[in-house]
Amino acid sequence: MTKRSYKTELGCIACDELTELGAGKPGWLVDNPNLLSAIDTHSVALANRYTILLLSWSDPDSTPIKIRPDLSPIQAEHISAIECLIFDDLRVIVAGTSCGFLLFYSLRGELIHKQMIYPGRVLKLRVRGVKKDLIQDTSSEEFCVIMPGVIARFDGSDIQNMLQKWFEEVQSQFWGQKPKSQDLEDFGNSYGMLPHQLWNIGKYGTCADATLTGIMPPPLMEHQSSQRYYCAVAVGEDAVISAYRLSEDKGRSLVGAILSKVVPATISTITSFSKLIWRSDQTSPKKSEQKPQSFARASPLTCLKDHPRKGEKLTLSPSGTLAAITDSLGRILLLDTQAMVVVRLWKGYRDASCLFMEILVNKDIASTSSTNREPMKSDYCLCLAIHAPRKGIIEIWQMRTGARLRTIRCRKGSKMLQPSYRFGASMSSPYVPLEVFLFNGDSGVISVLNRNLDS
């Protein structure tokens with residue numbers, strides 16, 4: 001009897017260009033904390049501190065694309081986060097830097113847009129769909145930038161409009177030439193600042209990870225207005241879990257005012273002094289440095305402090321109602337983000353990582369390949385994939401209180417990846433379930449976990 005593997009191999013990205021990122025040494029993919037990865041439906045993006053490498057696993061004959069961002073040597077700037085943005089007709093790579101910049105690149109390595117968010121290290125980039133209204137079934141997309149004690153939110157439509165404008169301009173030029181009147185830096189800022197909202201969520205200490213879980217009702221006894229309120233959940237060293245109500249109102253606390261004024265002024269002073277020391281003989285005038293906008297109002301809701309436990313990583317479910325949190329004691333907490341209650345706990349999972357996925361549980365659909373209808377969302381159940389590298393396994397648990405559905409053996413040096421939310425996904429098209437990919441750095445093989453329980 002053949003042993004089931006519960007995963008399907010999709011392709012291999014092993015190539016000579018990976019040696020620059022450390023390939024060739026056992027465990028190079030998971031042992032280097034500065035090595036970042038992101039995946040879309042056709043390719044994988046890997047980045048170290050100064051280089052981004054884009055590799056296609058669906059087309060083995062494609063040439064790897066290498067991107068070297070123009071980073072500041074004075075401030076020792078480096079790449080600290082990457083993500084793939086997937087639109088209907090456009091795919092881009094977004095990089096966050098240690099100095100608080102966002103860099104948008106095409107899959108050909110062209111700089112599309114560069115924008116300053118806030119002085120500090122970008123920890124994570126998050127993309128998800130969210131309902132605009134609690135009653136009407138309308139949705140939008142949001143893109144969030146997570147920094148220590150700071151979170152920024154972009155509307156997906158603003159990013160899409162900017163990318164579409166860039167795409168149309170590139171198409172109108174012969175052979176993809178850039179405008180002669182613009183240098184690289186000016187070209188990356190030619191579309192103006194992308195509108196966004198900025199909040200300070202550092203009341204309970206700096207956060208290691210955070211996310212917006214969705215829209216929430218306004219505070220009690222507060223007049224109704226057209227502005228929306230968002231719920232943010234953060235994890236960190238001082239508070240394992242903390243939650244905030246975020247307002248679109250720019251009214252802010254004294255601490256927020258001090259941070260928004262003093263910190264940028266201090267950074268600007270240090271930068272100016274450094275440039276005075278390291279100034280060159282160049283006399284060409286440069287554009288003034290971008291300054292971060294002021295904080296909007298963030299009201300703390302609750303926090304959980306449990307020394308010496310520290311929150312490390314956070315994973316949000318597609319609906320935003322559940323969050324899986326890993327901590328420094330090897331535990332995984334399943335948080336109900338609406339009630340702010342931990343509803344489930346796993347122990348003995350040190351260095352674990354979690355991703356939500358959907359498993360096909362409708363037996364009629366799963367067992368019959370000749371059925372005429374495509375599986376719908378109701379045919380799937382939400383599960384949590386837990387990768388325990390010390391045990392060398394991936395476990396699939398059904399949410400919220402379901403049993404463990406399967407245990408998958410995986411080799412050392414493997415990492416779970418998941419494509420980001422697909423912008424502009426049509427409701428009429430066949431439902432695309434949430435999948436989890438497995439990338440083995442030692443072999444370069446990329447696989448997908450099977451969503452059928454019987455496969």
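Side-chain contact, Ser37 with Lys415: a donor N or O sits under 3.5 Å from an acceptor N or O. Under the 3.5 Å distance criterion, with hydrogens and angles disregarded, a donor-acceptor pair is assigned to the side chains of Gln197 and Glu248. Counting only N and O atoms by type, the side chains of Arg91 and Thr41 include a donor and acceptor under 3.5 Å apart. Between the side chains of Ser447 and Glu9, not a single donor N or O lies within less than 3.5 Å of an accepting N or O. There is a side-chain donor-acceptor pair under 3.5 Å between Arg68 and Thr51.
Checking side-chain atoms of Ser106 against main-chain N and O of Glu110 turns up a donor-acceptor pair under 3.5 Å. At distances below 3.5 Å, not a single donor-acceptor pair connects side-chain atoms of Asn450 with backbone N or O atoms of Asn452. Judged purely by atom type and a 3.5 angstrom limit, Arg128 has no side-chain atom pairing as donor or acceptor with the backbone of Ser317. In terms of modelled atom types and a separation under 3.5 Å, the side chain of Thr206 and the main chain of Pro148 share no donor-acceptor contact. One N or O on the side chain of Asp327 and one on the backbone of Gly330 form a donor-acceptor pair closer than 3.5 Å. Here the side chain of Gln418 pairs a donor or acceptor atom with the backbone of Glu435 at under 3.5 angstrom. A distance-only check finds a donor-acceptor pair linking the side chain of Tyr244 to the backbone of Ile201 [under 3.5 Å]. At distances below 3.5 Å, not a single donor-acceptor pair connects side-chain atoms of Thr213 with backbone N or O atoms of Ala232. Listed for the Ser242 side chain is no donor-acceptor partner under 3.5 Å among the backbone atoms of Ala239. The main-chain N or O of Cys84 is found under 3.5 Å from a side-chain atom of Ser420 such that the two form a donor-acceptor pair.
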Intermediate values then yes/no, side chain to side chain contact (heavy atoms under 4.5 Å, CB included), Met340 and Cys303:
CA-CA 9 Å; Met340 289 299 162; Cys303 85; over 6 Å; no
Candidate pair Arg126 and Asp209, rule salt bridge (Lys or Arg N to Asp or Glu O under 4.0 Å), full reasoning:
CA-CA 11 Å; Arg126 291 186 178 274; Asp209 200 355; 3.0 Å; yes
Verdict with reasoning, Trp199 to Tyr230, per side chain to side chain contact (heavy atoms under 4.5 Å, CB included)
CA-CA 11 Å; Trp199 295 281; Tyr230 303 94; 3.9 Å; yes
Check step by step if salt bridge (Lys or Arg N to Asp or Glu O under 4.0 Å) holds for Asp31 and Lys25.
CA-CA 10 Å; Asp31 293 340; Lys25 301 177 182 178; over 6 Å; no
Pair Trp28-Leu18, side chain to side chain contact (heavy atoms under 4.5 Å, CB included): steps then yes or no
CA-CA 10 Å; Trp28 66 275; Leu18 284 174; 4.1 Å; yes
Could you go through Asp59 and Ser56, starting from their C-alpha distance and side-chain angles, then the distance that decides it, and tell me whether this counts as side chain to side chain donor-acceptor pair (under 3.5 Å)?
CA-CA 6 Å; Asp59 183 10; Ser56 174; 5.4 Å; no
Give the C-alpha distance, both sets of side-chain angles, the deciding distance and a yes or no for salt bridge (Lys or Arg N to Asp or Glu O under 4.0 Å) between Glu17 and Lys66.
CA-CA 9 Å; Glu17 287 77 5; Lys66 188 179 294 185; over 6 Å; no
Start with the C-alpha distance between Lys305 and Asp238, add both sets of side-chain angles, then the distance that settles salt bridge (Lys or Arg N to Asp or Glu O under 4.0 Å), and finish with yes or no.
CA-CA 7 Å; Lys305 295 187 177 182; Asp238 301 315; over 6 Å; no
Let me see the working for Leu29 and Leu46 under side chain to side chain contact (heavy atoms under 4.5 Å, CB included), right down to the final yes or no.
CA-CA 9 Å; Leu29 180 66; Leu46 298 172; 4.3 Å; yes
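A 4.5 Å side-chain heavy-atom check between Glu312 and Ser328 finds at least one atom pair inside the cut-off. With contacts defined as side-chain heavy-atom distances shorter than 4.5 Å, the pair Ile151/Val145 does not qualify. Leu163 places a side-chain heavy atom less than 4.5 Å from the side chain of Val92. Using a 4.5 Å heavy-atom threshold, the side chains of Val240 and Val235 count as separate. Contact check for Leu111 versus Phe104: no side-chain heavy atoms found under the 4.5 Å cut-off. With a 4.5 Å cut-off on side-chain heavy atoms, Pro64 and Leu54 do not count as touching. Looking at Arg400 and Leu322, their side chains come closer than 4.5 Å, going by heavy atoms from C-beta outward. Looking at Trp57 and Phe437, their side chains come closer than 4.5 Å, going by heavy atoms from C-beta outward.
Paired with Glu395 under the rule salt bridge (charged side-chain N to carboxylate O under 4.0 Å, His left out), one option of Arg409, Arg406, Arg404 passes, and it is Arg404. In summary, of the residues considered (Asn440, Asp442, Leu438), a side-chain contact (heavy atoms from CB on, under 4.5 Å) with Arg411 occurs for Asn440 alone.
Glu358 has no carboxylate O lying under 4.0 Å from a charged side-chain N of Arg451, or vice versa, which leaves the two without a salt bridge.
Surrounding NZ of Lys391 are more than 12 heavy atoms belonging to other residues, nucleotides or ligands, all under 6.0 Å away. Atom NZ of Lys313 has more than 12 heavy atoms from other residues, nucleotides or ligands within 6.0 Å. The number of heavy-atom neighbours closer than 6.0 Å to CD of Glu237, taken from other residues, nucleotides and ligands shown, is 12 or below.
In this structure, Ile79 and Ala47 approach most closely via the heavy-atom pair CG2-CB, 4.4 Å. The shortest heavy-atom contact between Asn200 and Ala298 is O-CB, 3.4 Å. For the residue pair Val30 and Gly413, the shortest heavy atom distance occurs at CG2-CA, 4.0 Å.
Applying the ring pair (Phe, Tyr, Trp, His ring centres under 6.0 Å) test to residues at least two apart or on different chains, the pairs with a partner in residues 389-414 are Trp346-Trp397.
The salt bridge (charged side-chain N to carboxylate O under 4.0 Å, His left out) check on Glu83 picks up nothing, with sequence neighbours excluded.
Phe154 and His196 have parallel rings, their planes meeting at less than 30° on a 0 to 90° scale where 60° marks the start of perpendicular. Ring pair Tyr50/His78 is perpendicular by interplanar angle, where above 60° counts as perpendicular and below 30° as parallel.
In this structure, the ring of Phe101 has its center no less than 6.0 angstrom from the ring center of Tyr118.
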